[in-house]
Trainee: 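Just dropping this structure here.
Treat the numbers as computed from the prediction; the structure is a model and nothing was measured. For the numbers below, each heavy atom of this structure counts, side chains included, while hydrogens, waters and symmetry mates do not. Proteins come first, then strands; the chains are lettered A, B, ... in the order of their sequence lines, and each starts at number 1.
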2 protein chains.
Amino acid sequence: MRVLLIEDDYVLGGAIRDHIAASGHGVDWMKRIDEAKLALANVAYELVLLDLNLPDGRGLDLLRELRAALNRVPVIITTAQDQIAVRIEGLNSGADDYLVKPFDLSEMSARVSAVARRYAGNPSPAISIGPVSIDLGRKIVIVGDKPATLTGREWAVLERLVRHRGAIVTKGEIEDSLYAFGAEIESNAVEVYISRLRKKLGRDFVSTARGLGYQVEA
Amino acid sequence: MRVLLIEDDYVLGGAIRDHIAASGHGVDWMKRIDEAKLALANVAYELVLLDLNLPDGRGLDLLRELRAALNRVPVIITTAQDQIAVRIEGLNSGADDYLVKPFDLSEMSARVSAVARRYAGNPSPAISIGPVSIDLGRKIVIVGDKPATLTGREWAVLERLVRHRGAIVTKGEIEDSLYAFGAEIESNAVEVYISRLRKKLGRDFVSTARGLGYQVEA
DNA sequence: CGTAACCTGACACCAGGCTGAAGAGATTTC
DNA sequence: GAAATCTCTTCAGCCTGGTGTCAGGTTACG
């Protein structure tokens, strides 16, 4: 899927871009409205992530222009917590969903996937890895033929690993999807969650790459 | 079954048409109201899917004209999230069901089939989950062998859970079906309604996935 | 064999979930 | 139009199980 990210904060923007890219989507990141307009005129995006805090305050205009031109590309807007009026106006102007800053990157991923799925009409596919079957959209895991129940954190780790399946995922990356942006942790929490996942999904589900990270087979 | 689809977005329209055709129904797709009127005057459709976002805003008129002419063909309307007033007016004008954009195409298929069944005089099938039997079409719930009476909000929560049965549904998603999209809520209302549902339908009807959401068995 | 990296059982703590109660509206009944 | 009933929303206090941490054991690698 091709995503257009319109966000002027380059730290947050980078994090969002990486997270979406990690989900296997292509991302173009524009920091200014005029750049974004140009891109939208020339590329067929399948999703737009639009920050309504842009300093020139013309994000809403962009959205309205899009809809006026009968462009129905799904748009998710992001606003600050207090900008309720802006958010409502955004929804009235044709946005499909919204996120309130600060948001968990995993929450953002979920919304992006949900909107994309709705628009494409594809049911979320189950991913099979050995005897484990995973439905990311429905948050369901089946081991052998029995469903496994995961906790929130366990799910976050699993999701990260599965989205990158085949690749080696570092502890730092897993930590990032566990503790959204900011809160640091001083313990071996990642190891603990890997251990818990192995207990629930089978010892061989995750393999350890010493000094590098973890990996699930492709 | 012969379906008339009235939708001006040609991407979405194509997707809907393909999906309905895949269910074995015949579809005629009109992008303008006047075309649709002509078609309705000349073809006996068994279902109409009507987009109320049409730029000329005359979808409602079409519906009213149909009903004024005593044409009882089942009509499902589609509206944007924020168009609550339009949706209500549509239902008051004689629509049989509605879908809020963006919607799951599979959900749309389900509604189309449901309407088709009702129209054909077949009873809508009850969904059985443990000792609970649910008829989404008629809004009837039976526990054991006694009917249960649910309030509006309770029903909204139940419907969301049952339509996605098997999947874990987040609180945010439930909230979206309880309140006008984008409305904020500052309480544990979702928890309260889950609690009420459990009291009426049995404690085990809904299971909690801590930190993730709720789930009814498939 | 020594060391660093990793694994995992145990445990205290507290965030998240549950539910009874109660007030404010809304709706119905008389 | 007042009373009675039903529904919605919020809140507070209780309770549970998820979470982070650590310690001691295990494994890989030079």
Trainee: I'd like to know if B:Glu191 pairs up with B:Lys171 as an ion pair, taking the criterion as any Lys NZ or Arg NE/NH1/NH2 lying under 4.0 Å from an Asp or Glu carboxylate oxygen.
Mentor: yes

Trainee: Enter the distance from B:Ile6:CD1 to B:Ile33:CD1 here, rounded to the nearest 0.5 Å.
Mentor: 5.5 Å

Trainee: What is the minimum heavy-atom distance between A:Ile140 and A:Trp155, and which atoms define it?
Mentor: N-CH2, 3.9 Å

Trainee: Starting at CD1 of B:Ile168 and ending at P of C:dG16, how long is that distance when rounded to a whole Å?
Mentor: 17 Å

Trainee: So, taking the atom named CZ in A:Arg165 and the one named CZ in A:Arg163, what distance separates them when rounded to the nearest 0.5 Å?
Mentor: 10.0 Å

Trainee: My understanding is that only one of A:Val157, A:Ile168, A:Ile174, A:Thr170 makes a side chain to side chain contact (heavy atoms under 4.5 Å, CB included) with A:Tyr214; could you say which?
Mentor: A:Ile174

Trainee: A:Ile174 CD1 to C:dC6 C1': how many Å, rounded?
Mentor: 13 Å

Trainee: Starting at atom CG of B:Leu212, determine the distance to atom C1' of C:dG16, rounded to an integer number of angstrom.
Mentor: 12 Å

Trainee: In the 5'-to-3' direction, what one-character label does each nucleotide of nucleotides 18-23 of chain C receive under the scheme B = base within less than 4.0 Å of a protein heavy atom, S = sugar-phosphate only, - = no such atom?
Mentor: BBS---

Trainee: Here's a test of your reading of the structure: between A:Thr151 and B:Arg153, which maps to the more 5' nucleotide of DNA chain D?
Mentor: B:Arg153

Trainee: Would you give the length of the straight line joining atom CG of A:Leu150 to atom CD of A:Glu159, rounded to the nearest 0.5 angstrom?
Mentor: 11.0 Å

Trainee: Whole Å only: how far is the CG atom of B:Leu197 from the P atom of D:dT7?
Mentor: 13 Å

Trainee: Over how many whole Å does the gap from B:Trp155 atom CH2 to D:dT7 atom C1' extend?
Mentor: 18 Å

